[in-house]
Each structure stands twice: as C-alpha cells, then as structure tokens.
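Working notes for the structure below.
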Amino acid sequence: MALVSMGPMLRRARADGFGIAAYNMIDFNSARSIISGASDLAAPVIVQVSVKTVKHWGYAHVATWVRMLAEDAPVPVALHLDHCTDIDVLKRCIDAGWTSVMFDGSALPFAENLEKSSLVYALTESAGVGLEAEIGAIGGVEDDKVVNDDQSRLADYDECLRFVAAMPNLAVFAPAIGTAHGFYKGEAKIAYDLLERITKAIPTPIALHGGTGLTDDQFRRCIALGCGKVNISTMHKRLFIDGFVGLKAEKPKLEEPLPFIAAQHDAMKADVMACIRTFGSAGRAAEASDAA
Ligand code: 13P
C-alpha cells in the first residue's frame with residue numbers, strides 16, 4: 001500500500017481500544033523487520049525515525065526505503081519523524097515524503113511551546129501531514145535529548161487542554177505521564193490518574209513514549225485509557241546489535257554476512273510481533289486502512 005497518514009488510523013485505534021506500534025527504525029534491515037512483523041500479523045504500523053538517523057542516511061534514502069517496503073506490504077504503514085526541535089529538518093522531511101512529524105517544544109516555556117507548535121501545526125495542516133506535539137518533560141535519553149530525573153516533569157492538566165484546543169486536528173498528543181526513554185531503573189511510575197483526566201477531556205489519541213521496559217499490564221492499561229500510539233526504540237536498538245553479534249558469538253568461524261543480517265532481522269521482527277500482540281493491533285489492518 002502507499003504510505004498513509006497516521007492521524008486517521010490513530011483515531012480509529014483510540015476509538016476501538018488498541019495501540020499501534022511505533023518503532024524507531026535504524027536502517028533498511030530494521031525498517032524491513034518492522035514492516036514484515038506487522039504484515040505477518042495484519043497490523044497497522046508506524047515507522048518512525050529519529051533526527052540523527054535521518055541525517056545519517058539522508059532524507060531521500062530513508063523515505064525511499066520505507067515507501068518501497070510499504071508499497072509491497074498488505075498493511076497500512078505511516079512514516080513519522082520522532083522528536084524534532086528544528087523546523088527546517090521537519091520541512092525537509094515533509095518535502096521528502098514523510099506522512100507525519102513530531103515537533104518537540106517541550107524544553108520551552110509553555111507559552112513558547114504553544115506558539116511554536118501552533119506555527120508548525122499551520123504548516124503540517126497545509127501540507128496535509130499529521131503532527132505530534134509534546135508538553136511536560138519526558139525523562140531519559142532519546143537521540144541527542146537528555147532529560148535527567150530532576151528535569152522530568154508531568155504535563156499540567158490545564159495546559160494540556162489549552163494546547164490541544166489550539167490544534168484540534170493534532171494527529172497525536174504526547175503529554176508527559178511518567179514514562180521515560182531508555183531502560184527503566186525500577187518500575188515506571190505512570191500517572192494513570194492524569195492520563196485518565198486528559199483522555200476524558202480530550203478526544204485526540206495519546207502517544208505513549210518510553211515503551212521499552214513497560215510491562216504488558218502497563219501497556220494494556222495505557223492503551224485502554226486512550227494511548228493509540230506506542231513508541232519503542234531502545235529495545236529495538238538492543239536487538240539490532242545483539243541479533244548481529246549474538247550469531248558471531250555462536251558461530252565465530254562464520255564469515256558470510258547474510259546470515260548475520262538475517263539473524264538481526266529475525267530478532268527485531270520477533271519483538272515487533274510480540275508488541276503488536278500485546279497492543280491488540282493484530283488483525284486490525286483493514287479497520288485502520290478504512291480509517292486512513
Ligand atoms: P524507548 O526508547 O524507551 O523505547 O522510547 C521510545 C520513544 O518514546 C521514542 O520517542
């Protein structure tokens with residue numbers, strides 16, 4: 001299928017109570033594992049890319065890989081830019097064929113974040129692509145963004161209402177609710193009460209950041225409360241490396257590269273499939289395509 005925009009399928013996911021996996025791709029093999037895992041389970045999926053990864057490979061290459069893979073897949077695939085603070089990068093992605101982008105103004109004071117996000121919203125609305133925007137401060141490390149424990153901050157409820165009211169067609173809203181990027185030191189402390197208050201007042205699908213290390217119960221509870229988009233990056237990176245070097249440890253004499261690429265692909269794909277099952281999006285491709 002042609003690449004789709006994530007907004008309509010996320011609205012369907014929220015309405016029907018399932019979560020769509022949003023994996024941060026690393027290279028072609030990684031994108032292939034994400035789309036192949038979703039295809040085998042007839043699930044909609046979001047391939048998202050961090051700014052560093054886009055700059056490493058180049059805008060046109062990343063867009064071409066994902067578009068080609070999506071065209072061969074029987075499921076809806078969206079191409080999304082993760083946590084971007086630079087409007088020029090965001091514009092280049094839109095020009096290269098991304099179907100949605102995230103503007104991350106969460107490090108700015110609320111009024112400035114609202115002002116900049118609204119500006120980007122006008123831009124994405126006129127370009128016909130989806131927008132994700134964040135408030136509060138999600139802890140941990142994502143790309144070049146480091147938010148220490150003492151800097152992480154839950155989203156303020158009243159600010160959430162004002163923020164989304166200014167952007168009624170936001171594809172997905174990312175309020176900080178206690179999850180963090182990277183591996184958790186203990187169990188994540190999710191502010192379910194805040195999430196519930198937000199989703200009772202706001203119909204926009206919510207993005208659950210910091211998916212690596214959450215328990216199945218935590219995923220299910222957040223999805224039931226309105227998290228339509230579930231982000232996974234750190235575990236995917238771990239399997240990208242372990243899948244490759246694990247085979248070398250097992251077969252030190254092996255010099256042929258393709259079995260390594262296959263082992264890496266299969267390790268990443270198995271995790272994608274496990275998450276899709278947990279998020280309840282297996283078998284939802286047709287439903288999500290109708291919405292898209
Ligand atoms: P993890 O790296 O914790 O899986 O979080 C991913 C994420 O939220 C990307 O924005």
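By convention here, the first residue in the shown sequence is residue 1. Note that ligands are numbered from 1 as they come in the structure, with each ligand's atoms numbered from 1 the same way.
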Give the C-alpha distance, both sets of side-chain angles, the deciding distance and a yes or no for side chain to side chain contact (heavy atoms under 4.5 Å, CB included) between V89 and K55. CA-CA 9 Å; V89 170; K55 287 185 176 168; 3.9 Å; yes
Result block: side-chain N/O donor-acceptor pairs under 3.5 angstrom for residues 56-72, not counting sequence neighbours:
unit_1	atom_1	unit_2	atom_2	d
W57	NE1	I26	O	2.7
H61	ND1	W57	O	3.2
T64	OG1	A60	O	2.6

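- In this structure, atom 3 (O) of ligand 1 lies nearest to the protein heavy atom G182 N, 3.0 Å.
- An N or O contact shorter than 3.5 Å links S233 to ligand 1 by distance.
- At least one heavy atom of A180 sits closer than 4.0 Å to an atom of ligand 1.
- At a 4.0 Å cut-off, at least one heavy atom of H83 sits close enough to ligand 1 to count as contact.
- Within a 6.0 Å sphere centred on CZ of R220, heavy atoms belonging to other residues, nucleotides or ligands number more than 12.
- For K248, the NZ atom sits in a packed shell: over 12 heavy atoms of surrounding residues, nucleotides or ligands are nearer than 6.0 Å.
- A282 pairs by the side chain to side chain contact (heavy atoms under 4.5 Å, CB included) definition with L41, I276, not counting sequence neighbours.
- Here the side chains of Y23 and V47 are not in contact, with every heavy-atom distance at 4.5 Å or above.
- Where the criterion is an N or O separation shorter than 3.5 Å, residue side chain and backbone included, L208 fails it with respect to ligand 1.
- Contact atoms of ligand 1 toward I232: 4 (O) (distance under 4.0 Å to a heavy atom of the residue).
- Side-chain contact between F173 and E132 is absent, with no heavy atoms from C-beta onward closer than 4.5 Å.
- Of all the heavy atoms of D82, the ones lying under 4.0 Å from any atom of ligand 1 belong exclusively to the side chain.
- Inter-residue side-chain proximity for L90 and V120 is flagged as met; some heavy-atom pair is nearer than 4.5 Å.
- Counting the atoms of ligand 1 from 1 in the order shown, those under 4.0 Å from a heavy atom of T234 are 1 (P), 2 (O), 3 (O), 4 (O).
- Near N24, the atoms of ligand 1 lying under 4.0 angstrom from a non-hydrogen atom of the residue are 9 (C).
- The nearest protein atom to atom 4 (O) of ligand 1, hydrogens excluded, is given as T212 OG1, 2.6 Å; this is a heavy-atom distance.
- Less than 4.0 angstrom separates some heavy atom of H209 from each of these atoms of ligand 1: 8 (O), 10 (O).
- Of the protein's non-hydrogen atoms, the one nearest atom 8 (O) of ligand 1 is G210 N, 2.8 Å.
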